[in-house]
Amino acid sequence: MSPLTISMDPRDNVAIVANDGGLPAGTILVDAHAKGLVLKDKVPQGHKVALVDLAAGAAVLRYGIPIGFAAKDILAGAWVHERLLVMPEARGLVDLPMATIKPNPAEALTGYTFLGYRNADGSVGTRNILAITQTVQCVAGVTDFAVQRIKSELLPLYPNVDDVVSLAHTYGCGVAIEAPGAEIPIRTLRNISTNPNFGGEVMVVSLGCEKLQPARLLPPGSIAISDERSKAVAAGTDLGFDNVCLQDDAHVGFMSMIESVMATAKTHLERLNQRRRETVPASELVVGVQCGGSDAFSGVTANPAVGFCTDLLVRAGASVMFSETTEVRDGIAQLTSRAATPEIAEALIREMAWYDAYLKRGSADRSANTTPGNKAGGLSNIVEKAMGSIVKSGSRAISNVIAPGEKLKSKGLTYCATPASDFICGTLQVAAGMNLHVFTTGRGTPYGLAAVPVIKVATRSDLARRWHDLMDINAGTIADGSKTITDVGWEMFHLMLDVASGRKKTWAEHWRLHNALVLFNPAPVT
Ligand code: CA
């Protein structure tokens with residue numbers, strides 16, 4: 001392959017090296033934006049080369065914006081690594097453009113469908129899973145023991161049920177449950193238990209003495225209650241859902257607890273097993289997009305392809321959410337200007353301000369986001385990373401904003417405020433009602449979730465080759481020049497419909513790679 005560098009915007013004064021293994025010093029560049037330029041240093045793959053001489057203090061431009069300022073004079077052809085960049089201050093949250101961009105109404109995308117499970121609450125599942133909700137970590141071992149037995153002894157009897165999943169977590173006791181912020185982990189657990197992929201079947205395992213009592217986790221009105229139980233719920237003699245309480249006097253010995261969980265699970269499995277997939281419009285997709293283990297290609301290949309696909313989903317009337325507050329913070333002006341209304345722009349600012357204060361309380365700021373792997377992959381700082389991350393949100397108007405742990409309120413493009421941590425973001429998107437997850441990675445992560453299928457997209461062909469049985473889509477073809485962003489975006493859209501329909505399994509599903517649910521708890525523990 002001849003030397004290849006990629007520039008994202010005509011204003012850019014740096015470009016990244018695309019070639020596997022990087023390019024040696026002395027290489028003569030051939031791309032239009034760098035024609036004849038000779039590399040002064042060896043530049044690793046994904047890293048930046050100066051296209052012009054940059055004087056100390058000059059703005060280094062990528063994506064057409066300053067990602068930093070030159071710490072000293074940098075000559076054209078030199079490797080612009082993180083130590084040569086001084087990071088800009090975060091954009092203040094005042095005087096932002098509010099709902100100033102009105103994207104032209106896009107043509108509706110009609111006629112696309114998938115096979116999903118319709119739920120009583122109007123949502124649609126892409127999988128048919130029995131989830132076992134838990135009030136507290138204390139019961140996780142017992143629940144897991146029961147789940148292993150349910151999987152080996154009961155699940156084979158119910159062929160229409162895809163899986164049994166223990167919703168274990170570390171919350172529920174030993175926490176300041178009345179403190180500001182405690183509502184976030186509580187509502188997250190509540191909303192996860194009614195994720196569309198769980199078919200409206202709520203069963204709970206509790207301990208008895210924990211702070212997060214079952215009635216506090218799932219108060220009346222938070223889940224659908226059958227008619228026959230509603231009177232008892234009104235009288236306060238029934239919770240309205242099945243709860244196995246391990247400290248109940250009725251349990252004598254460990255096996256009594258296990259049998260009780262299994263017997264309860266059986267009634268739910270029977271109902272889930274009656275369900276069948278039916279044809280539903282693509283507008284029933286609820287897609288969460290995320291990136292993790294990012295490199296400089298994330299914002300060049302995979303994330304722009306996701307952004308193209310996000311636009312397709314919005315045109316199809318579906319729900320799409322993007323997240324990762326510390327990775328969009330530096331692009332706040334882009335987001336507020338794309339908000340559908342000034343009120344939605346205000347909600348974006350509210351979430352960013354809340355997170356700024358949260359980080360400040362921990363003596364950190366957004367720069368704590370970037371990892372050694374990001375930097376080794378060519379991302380010098382959070383500004384550069386943010387510009388590459390935000391493109392996952394596509395180009396349509398942002399029509400809603402939800403706080404961490406809340407459920408989606410509307411279709412279209414939503415900002416679902418979450419930390420960028422892969423597991424916490426994924427957990428909060430599950431709570432928001434996600435039924436399909438798209439995850440891009442450049443360095444490589446084997447991420448997966450038990451509750452929702454995860455389509456993983458590689459940013460580079462080298463990663464896609466090495467991790468051929470972990471990556472579902474290779475967006476590195478965009479850098480290779482063999483495919484366009486449009487090609488890969490459509491490939492992703494069609495794969496989504498296949499995976500949502502259960503016609504295809506993702507690699508993470510194939511290997512059963514499931515990361516833990518990780519709650520976002522900004523409140524103290526005791
Ligand atoms: Ca992430």
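Read the numbers this way: they start at 1 and go in the same order the structure lists the ligands and their atoms.
- Pairs passing the salt bridge (Lys or Arg N to Asp or Glu O under 4.0 Å) check and including a residue from residues 504-526, sequence neighbours excluded, read Arg127-Glu509, Asp163-Arg512, Asp498-Lys504.
- Taking Asn435 as the reference, nothing meets the side-chain hydrogen bond (donor to acceptor under 3.5 Å, both in side chains) condition, with sequence neighbours excluded.
- Scored by the side-chain hydrogen bond (donor to acceptor under 3.5 Å, both in side chains) test, Ser367 finds Asp365 as partners (sequence neighbours excluded).
- Around atom CG of Asp95, no more than 12 heavy atoms belonging to other residues, nucleotides or ligands sit under 6.0 Å away.
- Separation of the Phe520 and Tyr358 ring centroids falls under the 6.0 Å cut-off.
- Listed by chain and number, Gln290 OE1, Cys291 O, Glu324 OE2, Ala420 O, Asp422 OD1 are the protein N/O/S atoms closer than 3.0 Å to the Ca ion (ligand 1), with waters left out.
- A perpendicular orientation is assigned to the rings of Tyr112 and Phe493, their planes being inclined by more than 60° (bins at 30° and 60°).
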